[in-house]
There are 2 protein chains.
Amino acid sequence: MGKPSGLVQGTLDLLILKTLSPGAMHGWAIGRRIQQVSGEVLQVQQGSLYPALHRLEQQGWIRAKWAESETGRQARFYALTAAGRRQLESEAANWSRLSAAINLVVNEAG
Amino acid sequence: MGKPSGLVQGTLDLLILKTLSPGAMHGWAIGRRIQQVSGEVLQVQQGSLYPALHRLEQQGWIRAKWAESETGRQARFYALTAAGRRQLESEAANWSRLSAAINLVVNEAG
DNA sequence: AAGATGATGTAGATAATCTAAGTATGGGCA
DNA sequence: TGCCCATACTTAGATTATCTACATCATCTT
C-alpha cells in the first residue's frame, strides 16, 4: 500500500554527516547506527550507503582511510572535514526549514 | 551551496492530497495554496505539479472535471476520492514516522 | 495591440535511492 | 577440515520523482 521506502529522498547525506559528527566511523557502522538511532525506522541499503559515501568523499565533505574495525577486519573509516561540518550545518538548517514547511501544510486545521 | 530545491522528494503527493482534503480545487490553485500555506518555502513547479496530478488521478486517488474557475476560465478541478482519503491518511502517517525518525538522528545530543 | 497573468500540458534531463548481484575475511561449530 | 554466518565493501542497472524549459490558449489590463 503506497511506497513505504526506508528513507526520505535527499536526506541520506544529512544523516551520514550527522552520524559522523562525534567522530570517525566506518561505512557499515554508519548504516547500523542510523538504523538504531532512528528506532529501526530508517533502513539504509548498502547500494545507497556506499555510493553516498563515495559522493560525499568526492565533494570533500568526508575523508577516508583504511583501518582495523572493532572486529579485527579491515574497514574504511570516514571522518568529517571542515567543509563537511559546514555542509552539515547547512543541510540540517535546510531540513528544518523544509520539514517545518511541510508540517504547516500537513497539520493545517481543515 | 548544496541543493536547496523547492520540495522534499516524495512528499508532493501528500501535499496535494492534503490540500484537496477540504474540497475540490484546480491544479493552479493547488500549487499556489501549497506555496502560501508553507510560508512561501515550498515551490511547486508546473512540471512537477501536473504530472503528479495525472499520476494521482490514474491511481484513483483524485477525480477530475472541467469547470469554470474563479476568474472565468476553464480549469480542471480535482476532488479526493474515498481511496484518496485513505491514501492521505496513510501518507500522512508515513511522513510522521519518517520525519520523526530523521529528527531522532539530526537532533541527537552529540 | 501588446503584455501580464491564469491555466494546462509534455519531452527530456538530472539525480537519489533501490535491487540484486558480487567479492572477501574472520569466527563459530560440527 | 569444511561450512555457514555476520561483517564489510563494491558496482551495474532499474526505477522514479522532481526540475528545466518549453509550448499552447484565454482573459484582463494598459
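Nothing here was measured: the structure is a model prediction, and the numbers come from that model. Reminder, nothing fancy here: chain letters follow the sequence lines and each chain counts from 1.
With values rounded to the nearest 0.5 angstrom, A/Ile62 atom CD1 is found 6.5 Å from A/Ile16 atom CD1.
In the set C/dT17, D/dT10, D/dA8, D/dT10 carries the atom at the smallest distance from any side-chain atom of A/Tyr78. With C/dA16, D/dA23, C/dT25 as the candidates, the nucleotide lying closest to the side chain of A/Arg73 is C/dT25. Proximity note for B/Tyr50 (side chain, C-beta onward) versus D/dT18, D/dT20, C/dG9: the nearest is C/dG9. Comparing atom distances between the B/His26 side chain and each of D/dC9, C/dA7, D/dT11 picks out C/dA7 as nearest.
Nucleotides of DNA chain D nearest to A/His54 and B/Gln45 differ in position, and the one nearer the 5' end is that of A/His54. Taking the nucleotide of DNA chain C with the nearest heavy atom to each of A/Arg55 and B/Ala29, the more 5' of the two is matched to B/Ala29.
Under 3.5 Å, the side chains of A/Glu40 and A/Gln36 contain no donor-acceptor pair of N or O atoms. In the model, B/Glu70 has a side-chain atom that pairs as donor or acceptor with a side-chain atom of B/His26 under 3.5 Å.
For the pair A/Asp13 CG and C/dA16 P, the computed distance is 7 Å after rounding to whole Å. Between the CG atom of A/Leu7 and the C1' atom of C/dA15 there is a distance of 15 Å, rounded to whole Å. Rounded to whole angstrom, the span from the CD atom of B/Gln46 across to the P atom of C/dT10 amounts to 13 Å. Distance, B/Phe77 CZ to C/dG6 P: 14 Å, rounded to whole Å. We find that CD of B/Gln9 is positioned 8 Å from C1' of D/dT16, with the value rounded to whole Å. Between A/Arg76 atom CZ and C/dA24 atom P there is a gap of 18 Å when expressed in whole angstrom units. In this structure, A/Leu49 atom CG and C/dT17 atom P are separated by 11 Å, rounded to whole Å. Atom CH2 of A/Trp66 is separated from atom P of C/dA24 by 13 Å (rounded to the nearest Å).
At the heavy-atom level, B/Gly27 lies under 4.0 Å from the strands shown only through sugar-phosphate atoms. Residue contacts shown for B/Leu12 are limited to sugar-phosphate atoms, with no base heavy atom under 4.0 Å away. Among the atoms of the strands shown, base atoms are found under 4.0 Å from some heavy atom of A/Ser48.
Side chain of A/Asn103 to backbone of A/Ser99: a donor-acceptor contact under 3.5 angstrom is found.
Checking the phosphate oxygens (OP1, OP2) of D/dA26, no side-chain nitrogen or oxygen of B/Thr71 falls inside 4.0 Å.
The cluster map of Ile, Leu, Val, Met, Phe, Trp and Tyr, joined by side-chain heavy atoms under 4.5 Å apart, puts A/Val37 and A/Trp95 in the same cluster.
At a cut-off of 3.5 angstrom, counting only N and O atoms as typed in the model, there is no donor on one side facing an acceptor on the other between the side-chain of A/Gln74 and the base of D/dC9.
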